[in-house]
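Data first, discussion second: the structure below is written as structure tokens.
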Amino acid sequence: MSIGLHNSEFKNPVIRWVDSRLPLFTMMQKEYGTFPTPRNFNYFWNFGALAIVSLMIMILTGVFLSMNYTAHTGYAFDSVERIMRDVNYGWLLRYVHANGASMFFIVVYIHIWRGMYYGSYKAPRELLWMLGVVIFLLMMATAFMGYVLPWGQMSFWGATVITNLFSAFPLVGGHIVTWLWGGFSVDNPTLNRFFSLHYLLPFVIAGVVFLHIAALHVTGSNNPLGIDPKGPQDTIPFHPYYTSKDSVGLMVYFIVFAVLVFFVPNMLGHADNYIPANPMVTPTHIVPEWYFLPYYAILRAVPDKLGGVLLMFGSIALLFVLPWLDGSPVRSMRFRPLSRIAFLLFTVNFFVLLYVGGKPAEEPFVTISRFSTAYYFAYFLVILPLLGRIERPLPLPESIARAVLPRGGGPIRMAATAKPMEKA
Amino acid sequence: MADLATPPGSAPPAGTAPDTGGRRDFLTLATTAFAAVGVGAVVWPFIASMNPSADVLALASTEVDLAPVPLGQAITVMWRGKPVFIRHRTPENVAAARATPLSQLIDPATDESRVQKDEWLVVIGVCTHLGCVPLGQKPTDQRGEYDGWFCPCHGSHYDPSGRVRKGPAPLNLAVPSYTFMTDTKIRIG
């Protein structure tokens, strides 16, 4: 073994030849094979892997769809109908792509919920969490622009309403909107650039996902108890334990996905989007896709245009500072009796926002959306900071092994690098 | 740091004061500023390429013949990809619009300032809230509480002068620039 080559431990001569020059196999073995992972994951820890699978499915189907799509206002709608009717398995590619977006958001919402319930955003995982919020924002931008591409009525008017959000900003608003459109209304230049960006952003997402995982592999995973692993008795290797556990979740994911694609492929869409875009007629009831409804409800809850826009962007911006809003040193809400109730109410409240966001802007939905919006912000800005100070948490277990193994896993073996027990 | 500024073994140039770091700071600042200007110059074409192109700008005017529009009716024409509402207003419409005190308006503007000929109102048919097309052009449409237009998206009401009277929209329907070429023909844009 000459100097400058990686000292590979692989026996296969071909793998060894590559690995000693570019230690990809060693890296994979370290990060996904023997990687020490808390032994007490529940199924909520499947959703990161499911999100990656979703991203790969979206990129794969998207690349093939783009081979038959025409990004021109005169042809876009018809090219999508051609994909549905004439292109071999075009219907499958499109339904997988359209419902895949919904699956991706379901998975990511559960993944975010997991992080919020078990305190995965807290030190030392703040940056990991913030990278996740960046991915979420990129996903929303990508999904929005993708929905414009079929150039149906909802595509056109969704694009008009969302781009007009920027007109709320004083002075520069109008110029920003003209710049976004490349014209004086949503038109061919807009469709072209949305297609370009819709193709680009998933690869940007993939890049940020790489950083997200790289940061995860520095701090290690959180776990349902929210306490750090203290030694080898608290961890198990990622493979085969969590590769197999993830596979179970993946099967359930594919079953749900298949039910959507093969039995109710249009359930989550809007019939209006099968009407070609018409800039002269607005559909009577414009709603965004289901995954944007909570934020749409917040936008409409405020009677002032700029105020609504700021609150809507603010509802997501708050996620960036969540690690600093929640001052409690206890991560898992299992040990936080009050926060747990507040967070479960927050969860219900999120569904209420999702529901009223899909309803017309009339009573009683307007009043409900105002109360829900108030609770959404109160949870982040009042309840969490306050409970971090006054809440008395339940006693934390001594170690993961003590808490989850039948006889506590024997005496605790402290790893050399283990930190002293956290005091809550 | 001053001693490091001069390469070892070379004498300081004659006639210069010993370097106190000011010269090095100046060079760093100047280089950084030069690079920033360079980056800006490179970025600008990319940003500008997304603004409306020459062919889009060239399609910026539309001519409309008003003769076929009977009193009380309205037509919608396309200008810059947007609908423009042209309403042939009745004397009652005009009177109602002019009787409204400015203090009742969200975006105060007199009716006179919004028309060139009393009976013809020309406005861009795009709600100033989030860009939907308000209803009220067809005789069968809902015209809202002020007999003007009603936006179905978020419930803004406009009066026969195209001024917002109720709802989330902050501004009146915009009046495009237009000229009467003859008594019954206008050019928008």
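First the proteins, then the strands, lettered A, B, ... as listed; each starts at 1.
- With a 4.5 angstrom heavy-atom cutoff, A/Leu165 touches chain B via backbone and side-chain atoms both.
- Scanning both residues, A/Pro279 and B/Pro83, for their nearest heavy atoms gives O-CD, 3.9 Å.
- The closest side-chain heavy-atom distance from A/Met280 to B/Thr76 is below 4.5 Å.
- In this structure, the portions of B/Pro168 lying under 4.5 Å from any heavy atom of chain A include both its backbone and its side chain.
- Contact of B/Val77 with chain A is made through the backbone alone, with heavy-atom distances under 4.5 Å.
- Put simply, the side chain of A/Thr160 does not reach to within 4.5 Å of the side chain of B/Cys132, judged on heavy atoms.
- Other residues, nucleotides and ligands contribute over 12 non-hydrogen atoms within 6.0 Å of the CZ atom of B/Phe180.
- Listed here is the closest heavy atom pair of B/Val56 and A/Pro189: CG2-CG, 4.2 Å.
- The structure places CZ of A/Arg193 at 7.0 Å from OG of B/Ser49, a figure rounded to the nearest 0.5 Å.
- Options A/Gly308, A/Gly183, A/Pro303 differ in how many heavy-atom pairs under 4.5 Å they form with chain B, and the most are formed by A/Gly183.
- The local environment of NZ in B/Lys117 is crowded, with over 12 non-hydrogen atoms from other residues, nucleotides or ligands closer than 6.0 Å.
- Side-chain contact check for B/Leu57 versus A/Phe184: some heavy-atom pair is nearer than 4.5 Å.
- The 12-atom threshold is not exceeded at NE2 of A/His175, counting heavy atoms of other residues, nucleotides or ligands nearer than 6.0 Å.
- In this structure, chain B has heavy atoms under 4.5 Å from both the backbone and the side chain of A/Trp179.
- The structure places OG1 of B/Thr128 at 6.0 Å from NZ of A/Lys305, a figure rounded to the nearest 0.5 Å.
- Rounding to the nearest 0.5 angstrom, the gap separating the OG1 atom in A/Thr178 from the CE atom in B/Met50 is 12.0 Å.
- Between atom OG1 of residue A/Thr282 and atom CG of residue B/Leu130 there is a gap of 11.5 Å, rounded to the nearest 0.5 Å.
- Taking CG of A/Asp187 as the reference point, atom NZ of B/Lys82 lies at 11.0 Å (rounded to 0.5 Å).
- No more than 12 heavy-atom neighbours from other residues, nucleotides or ligands sit within 6.0 angstrom of CZ on B/Phe26.
- With a 4.5 angstrom heavy-atom cutoff, A/Ile176 does not touch chain B via any of its atoms.
- B/Ile47 touches chain A through backbone and side chain together, each having a heavy atom under 4.5 Å away.
- Between A/Ser185 and B/Gly81, the closest heavy-atom pair is OG-O, 3.3 Å.
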